[in-house]
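Encoded as structure tokens, the structure appears first; notes follow it.
Note: hydrogens, waters and symmetry copies are ignored here, and every other heavy atom, side chains too, is used.
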Amino acid sequence: QVQLVESGGGLVQAGGSLRLSCAASGRTFNRYAMAWFRQAPGKERDFVASISWSGSSTYYADSVKGRFTISRDNAKNTVYLQMNSLKPEDTAIYYCAAPGTSTVIKDYNYWGQGTQVTVSS
């Protein structure tokens, strides 16, 4: 069993930055690829970024490429999402998920509770 807890969300002005964290429990964390998704009000949950178990491979949605960076620290059982140049359309609840790098929601077994990110214009 894996438990995921996100943190780091908040209110930020457009152009600002936030760093989200996802702390995972479980001794097999460093064997899991991980991902971030987000869900805006009234919209479906969408893939944002993923990272391999080693951290050597990353993948991003086109909408965040060049602005967001996913990383991980296996010693701390934590995955991060550094978000720069934030836009109002980035406003959403952000979720981390495991295991895998798929862009498809149903492929993931474990989800965090989410953290709210609000970007004001």
Side-chain angles (χ1 to χ4, degrees):
Q1 186 75 10
V2 174
Q3 290 187 324
L4 305 174
V5 180
E6 301 96 335
S7 62
L11 174 64
V12 64
Q13 289 187 333
S17 298
L18 281 174
R19 188 177 79 156
L20 306 183
S21 299
C22 173
S25 64
R27 290 176 291 179
T28 58
F29 169 79
N30 61 2
R31 299 180 185 178
Y32 287 161
M34 301 284 293
W36 286 94
F37 285 74
R38 66 186 181 185
Q39 187 166 17
K43 296 188 177 181
E44 295 183 349
R45 192 171 298 188
D46 291 329
F47 172 83
V48 174
S50 65
I51 187 167
S52 62
W53 68 269
S54 67
S56 61
S57 296
T58 57
Y59 182 68
Y60 298 92
D62 288 342
S63 59
V64 306
K65 201 172 294 183
R67 300 188 297 123
F68 290 11
T69 303
I70 189 171
S71 62
R72 67 190 297 159
D73 184 339
N74 286 343
K76 296 182 179 179
N77 281 8
T78 302
V79 173
Y80 303 98
L81 186 68
Q82 178 66 45
M83 306 185 295
N84 298 329
S85 302
L86 282 161
K87 305 175 181 180
E89 52 262 44
D90 294 319
T91 295
I93 300 174
Y94 284 70
Y95 300 89
C96 63
T101 57
S102 171
T103 62
V104 179
I105 294 172
K106 67 178 180 64
D107 291 342
Y108 291 86
N109 295 326
Y110 305 111
W111 292 87
Q113 83 290 348
T115 186
Q116 176 71 48
V117 171
T118 303
V119 184
S120 62
S121 57

hydrophobic_cluster_shared for [Y] and [X], side chain cutoff 4.5 Å:
X: Tyr59; Y: Tyr80; result: no
X: Val117; Y: Tyr95; result: no
X: Tyr60; Y: Ile51; result: yes
X: Val48; Y: Leu86; result: yes
X: Tyr108; Y: Leu20; result: no

Given side chains that start at C-beta, do those of [X] and [Y] come closer than 4.5 Å, heavy atoms only?
X: Ser7; Y: Thr115; value: no
X: Phe47; Y: Phe37; value: yes
X: Ser17; Y: Val12; value: no
X: Glu6; Y: Gln113; value: yes

Item to check | Option from Ile70, Leu4, Val2 for which side chain to side chain contact (heavy atoms under 4.5 Å, CB included) with Met34 holds | outcome: Leu4

Could you tell me whether the side chain of [X] and the main chain of [Y] form a donor-acceptor pair under 3.5 Å?
X: Arg72; Y: Gly55; value: no
X: Thr78; Y: Ala23; value: no
X: Arg45; Y: Ile93; value: no

Item to check | Phe68 and Tyr94 aromatic ring geometry - parallel, tilted or perpendicular at 30°/60° bounds | outcome: tilted

Spacing of [atom1] belonging to [X] relative to [atom2] belonging to [Y], to within rounding of 0.5 Å:
X: Cys22; Y: Tyr110; atom1: SG; atom2: OH; result: 13.5 Å
X: Thr91; Y: Gln116; atom1: OG1; atom2: CD; result: 7.5 Å
X: Gln82; Y: Arg67; atom1: CD; atom2: CZ; result: 12.0 Å

With a sphere of 6.0 Å drawn around [atom1] of [X], does it hold more than 12 non-hydrogen atoms of other residues, nucleotides or ligands?
X: Trp111; atom1: CH2; result: yes
X: Gln3; atom1: CD; result: no
X: Lys65; atom1: NZ; result: yes

Grab the two heavy atoms, one from [X] and one from [Y], that are nearest each other, plus how far apart they are.
X: Ser102; Y: Val104; answer: OG-N, 2.9 Å
X: Ser56; Y: Ser52; answer: N-OG, 3.2 Å
X: Ser121; Y: Ala14; answer: CA-CB, 4.4 Å
X: Arg38; Y: Ser63; answer: NH2-OG, 3.5 Å
X: Gly8; Y: Leu18; answer: O-CD2, 3.9 Å

Checklist entry - So, Lys87 and Asp90, do they make that salt bridge, N to O below 4.0 Å? => result no

Checklist entry - For Val119 and Glu89, what are the C-alpha separation, side-chain angles and deciding distance, and is it a side chain to side chain contact (heavy atoms under 4.5 Å, CB included)? => result CA-CA 8 Å; Val119 184; Glu89 52 262 44; over 6 Å; no

